Amino acid sequence: MKKHTSLFLFLLFTYTHLFSQDSSDPFDKYGPPGEVYATLKDALKNKNQAYKVKIDYQPIEAKHLSKLGKLTKTEVLQLTENGITKLPTELKELQNLIYFSCIGNPITTLPPEIGYLTGLVDLQLHSAKLDSLPSEIRSLSRLRTLAIQNNKADTFHFPNSIGHLVNLTNIVLYNTRIDTLPASFKELKKLKNLTIVMCGMKTVPKVIGKINSLESLVLDKNQLTDIPKSIYQLKNLKTLSLNGNKLTEISDFISMLKTLEVLDLRNNYLKRYDIEVIKSLLPKCNVIF
């Protein structure tokens, strides 16, 4: 099981970082140099030096979860397959936290106390059962990367308060069923990379066309049959990936994407003639077919 999970996580992290142009290990990227503590016991024993804590494939009993709140110096924390079904409210004490990753723990909610982690820059939630995020996420004003992957709830919803994350640069949704995105997404003025892969989308949410800061939009392996004109108004878009959808045509309006450098149209239902027309409309773009 551990081997299978490791392979799956490799694929997830590949999607997380491929389009954000950042493949660095968070335990190298964040926090001061030093030891990475691999057990809760060792981290608590050295809590004044436990800046980096990575507890993988070790059960943490519910009665011990509250002790995570004692790791007040921790800046980088990863919890992988620990049998955690509910994160403790004591998480709010980790106000030095920059990076938090919860992987393979079937949590159904994040506690409202997540809003206390105002220094958080990178939040990774993989293989959970979340149907939404708490509105208190609005307080994470420094957050730059948000990844929700392999989520097992029927449908995941973003709260309207997502628009308050003024420094959010990267959003990755992978194998996480969504129906739409809230209108507040247009307030994400610094969002450059939006990846929505294998999320069961049948239509592109119109609000995406209002995120003028977008440079990379990846909508692979959904069920899209057309692309709304609003997407062609994204004046800073450099990468548009539509691999693995149900597209039968692309509007001539695509010529409006003057900054586009890469267009991935593989595994759709487009004809060769259509591709040649697109290439003529985008002579400076690498059209992958």
Side-chain angles (χ1 to χ4, degrees), residues 8-20 124-133 145-158 162 168 170-186 188 191-211 213-234 237-251 253-254 256-257 260-271 274-275 278 282 285-289:
F8 184 70
L9 292 179
F10 170 77
L11 295 172
L12 293 185
F13 288 132
T14 297
Y15 255 114
T16 301
H17 298 295
L18 181 61
F19 299 104
S20 64
Q124 306 275 333
L125 302 168
H126 300 165
S127 302
K129 296 182 178 180
L130 299 169
D131 58 12
S132 65
L133 298 175
T145 296
L146 173 62
I148 302 171
Q149 307 189 45
N150 195 36
N151 194 58
K152 301 180 187 302
D154 290 339
T155 306
F156 177 83
H157 303 276
F158 281 98
I162 192 77
L168 200 57
N170 310 297
I171 294 178
V172 175
L173 298 174
Y174 177 86
N175 196 24
T176 295
R177 185 164 292 275
I178 62 172
D179 50 5
T180 188
L181 300 174
S184 59
F185 255 64
K186 67 183 179 182
L188 301 175
L191 189 64
K192 291 185 177 181
N193 307 296
L194 178 57
T195 298
I196 305 177
V197 173
M198 289 177 60
C199 292
M201 281 198 315
K202 295 182 179 180
T203 60
V204 179
K206 292 182 178 180
V207 69
I208 293 179
K210 298 180 180 180
I211 310 174
S213 55
L214 275 184
E215 295 182 4
S216 172
L217 177 58
V218 180
L219 303 174
D220 294 355
K221 299 180 182 178
N222 285 288
Q223 300 175 38
L224 304 176
T225 56
D226 68 287
I227 303 301
K229 182 180 176 181
S230 59
I231 297 301
Y232 303 135
Q233 298 172 357
L234 294 173
L237 200 63
K238 296 179 180 178
T239 297
L240 176 59
S241 186
L242 302 166
N243 188 352
N245 282 283
K246 298 180 178 181
L247 301 172
T248 57
E249 61 179 3
I250 297 291
S251 169
F253 285 117
I254 199 166
M256 297 168 63
L257 294 176
L260 201 62
E261 297 175 357
V262 177
L263 174 61
D264 190 343
L265 296 172
R266 290 174 295 171
N267 301 306
N268 282 282
Y269 300 105
L270 297 162
K271 298 177 181 178
D274 297 323
I275 297 299
I278 292 169
L282 296 169
C285 179
N286 178 21
V287 179
I288 305 172
F289 175 66

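The figures here come from the full heavy-atom set of this structure, side chains too, leaving out hydrogens, waters and symmetry mates. Everything numeric in this text was worked out from a predicted model, so none of it was measured.
Remark: the backbone N or O of N243 is not paired with any side-chain donor or acceptor of N267 at under 3.5 angstrom. A donor-acceptor contact shorter than 3.5 Å links the side chain of D264 to the backbone of R266.
Partners of E249 according to the side-chain contact (heavy atoms from CB on, under 4.5 Å) rule, which considers only residues two or more places apart in sequence or in another chain, do not exist here. In this view, K210 and K186 satisfy the side-chain contact (heavy atoms from CB on, under 4.5 Å) rule, not counting sequence neighbours.
Other residues, nucleotides and ligands place more than 12 heavy atoms under 6.0 Å from the CZ atom of F289.
You'll find the side chain of Q124 reaches within 4.5 Å of the side chain of T145, heavy atoms only. In this structure, D274 and I250 have side chains that are not in contact, with every pair of non-hydrogen atoms separated by 4.5 Å or more. Looking only at side-chain heavy atoms (C-beta outward), R177 and D154 stay at 4.5 Å or farther from each other. At least one side-chain heavy atom of L181 sits under 4.5 Å from a side-chain heavy atom of F158. At least one side-chain heavy atom of I208 sits less than 4.5 Å from a side-chain heavy atom of I196. With contacts defined as side-chain heavy-atom distances shorter than 4.5 Å, the pair L214/L191 qualifies. Annotation: side chain of I254 is in contact with side chain of L263 (closest heavy-atom distance under 4.5 Å). Contact check for I148 versus L133: side-chain heavy atoms found under the 4.5 Å cut-off.
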field: Full working for side-chain contact (heavy atoms from CB on, under 4.5 Å) between I227 and F253
entry: CA-CA 10 Å; I227 303 301; F253 285 117; over 6 Å; no
- request: Please test L146 against I162 for side-chain contact (heavy atoms from CB on, under 4.5 Å), starting from the C-alpha separation and ending with a verdict.
  value: CA-CA 11 Å; L146 173 62; I162 192 77; 4.2 Å; yes
task: For the pair H157 and D179, evaluate side-chain contact (heavy atoms from CB on, under 4.5 Å) and give the outcome as yes or no after the intermediate values.
output: CA-CA 8 Å; H157 303 276; D179 50 5; 3.5 Å; yes
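The shortest heavy-atom contact between L260 and C285 is O-CB, 3.6 Å. When all heavy atoms of L242 and N268 are compared, the pair lying nearest together is O-ND2, 3.0 Å. In this structure, L234 and I211 approach most closely via the heavy-atom pair CD2-O, 3.3 Å. Scanning all heavy atoms of the two residues, the minimum distance from I231 to G209 falls at CD1-N, 4.0 Å. For the residue pair Y269 and N245, the shortest heavy atom distance occurs at CE1-O, 4.1 Å. Shown here for M198 and Y174, the closest heavy-atom pair between the two residues is SD-OH, 3.9 Å.
Atom CG in L224 sits 7.5 Å away from atom OG1 in T203 (nearest 0.5 Å). In this structure, E261 CD and L237 CG are separated by 10.0 Å, a value rounded to the nearest 0.5 Å. To the nearest 0.5 angstrom, D226 atom CG is 7.5 Å from L247 atom CG. In this structure, L257 CG and L240 CG are separated by 7.0 Å, a value rounded to the nearest 0.5 Å. Note that NZ of K246 is 10.5 Å distant from CG of N222, once rounded to the nearest 0.5 Å. Atom CG of D131 is separated from atom CG of N151 by 8.5 Å, given to the nearest 0.5 angstrom.
For the residue pair S241 / D220, a side-chain donor-acceptor distance below 3.5 Å is found, with atom types taken as modelled. When only modelled atom types and interatomic distance are considered, N150 and N175 share a side-chain donor-acceptor pair under 3.5 Å.
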